[in-house]
Each structure stands twice: as structure tokens, then as C-alpha cells.
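Predicted model only: the values in this text are computed from it and were never measured.
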Amino acid sequence: MNLTIDTRNSKEVKVILEKEGSVIEEVSLSSNGRAESVINLLHRALEKSKTDVQEIKTITFEKGPGSYTGLKAGVAVS
């Protein structure tokens, strides 16, 4: 299972969970508290996919361009 974290956009935060050919994308339109948003979105995606966080094999994040604070939040969570 692969997790992609996208916090580079100042208007939204995305978490994309790919498992066995299916893709679950969770989006938050909040620009405040990006790290907290990522955690909440990850929990929702894991619930939808009926999997556990230990099943995540790779974590990737969007490296930019984007705001420094947003990119830092994505890296910190990963």
C-alpha cells in the first residue's frame, strides 16, 4: 500500500491511499493546521479502505513548488 501526501497547495491538503489497484483520495479545503488535516485525512482513508496504518509500505510527498510551511507539514507527517 502506498500513501501520498500533498500539502503544497495553500488552499487544500490531499491524502491519497493506493491499495491493490484501488485509490482513495481524501481532501481538506482548510489551509490552517495542515499537519492535523493530514492525520485526520489519513484516518478517514484508512477507515474507508478497511486497513491499518502498518500496511503502508511506502510514503511519498509532493516536493513542490509550494509554500514552505505547507511542504514542511507534509514532510513532517511522513
**Report entry** Test log, rule side chain to side chain contact (heavy atoms under 4.5 Å, CB included), inputs Asn2 and Thr60
**Finding:** CA-CA 8 Å; Asn2 182 51; Thr60 57; 4.1 Å; yes
Requested in this report: Kindly determine whether Leu41 and Val27 satisfy side chain to side chain contact (heavy atoms under 4.5 Å, CB included), including the steps that lead there.
Outcome: CA-CA 7 Å; Leu41 295 173; Val27 178; 5.9 Å; no
Query raised in the report: Leu3 and Val15: side chain to side chain contact (heavy atoms under 4.5 Å, CB included), yes or no, with the steps?
Result: CA-CA 7 Å; Leu3 169 65; Val15 168; 3.4 Å; yes
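Of all heavy-atom pairs spanning Ile59 and Ile56, the tightest one is CG1-CG2, 3.8 Å.
Under the rule for a side chain to side chain donor-acceptor pair (under 3.5 Å), Ser22 has no partner lying at least two apart in sequence or in another chain. Residues passing the side chain to side chain donor-acceptor pair (under 3.5 Å) test with Glu55, sequence neighbours excluded: none. Residues passing the side chain to side chain contact (heavy atoms under 4.5 Å, CB included) test with Val23, sequence neighbours excluded: Ile16, Glu18.
The CG atom of Leu42 lies 7.0 Å from the CG atom of Leu17; values are rounded to the nearest 0.5 Å. Distance check, rounded to the nearest 0.5 Å: OG1 of Thr4 to CZ of Phe61 gives 11.0 Å. The CD1 atom of Ile5 sits 12.0 Å away from the OG atom of Ser37 when rounded to the nearest 0.5 Å.
Contacts classified as side-chain hydrogen bond (donor to acceptor under 3.5 Å, both in side chains) and involving residues 38-51 (residues at least two apart or in different chains) are given here: Glu26-Arg44, Glu26-Lys48, Ser49-Thr51.
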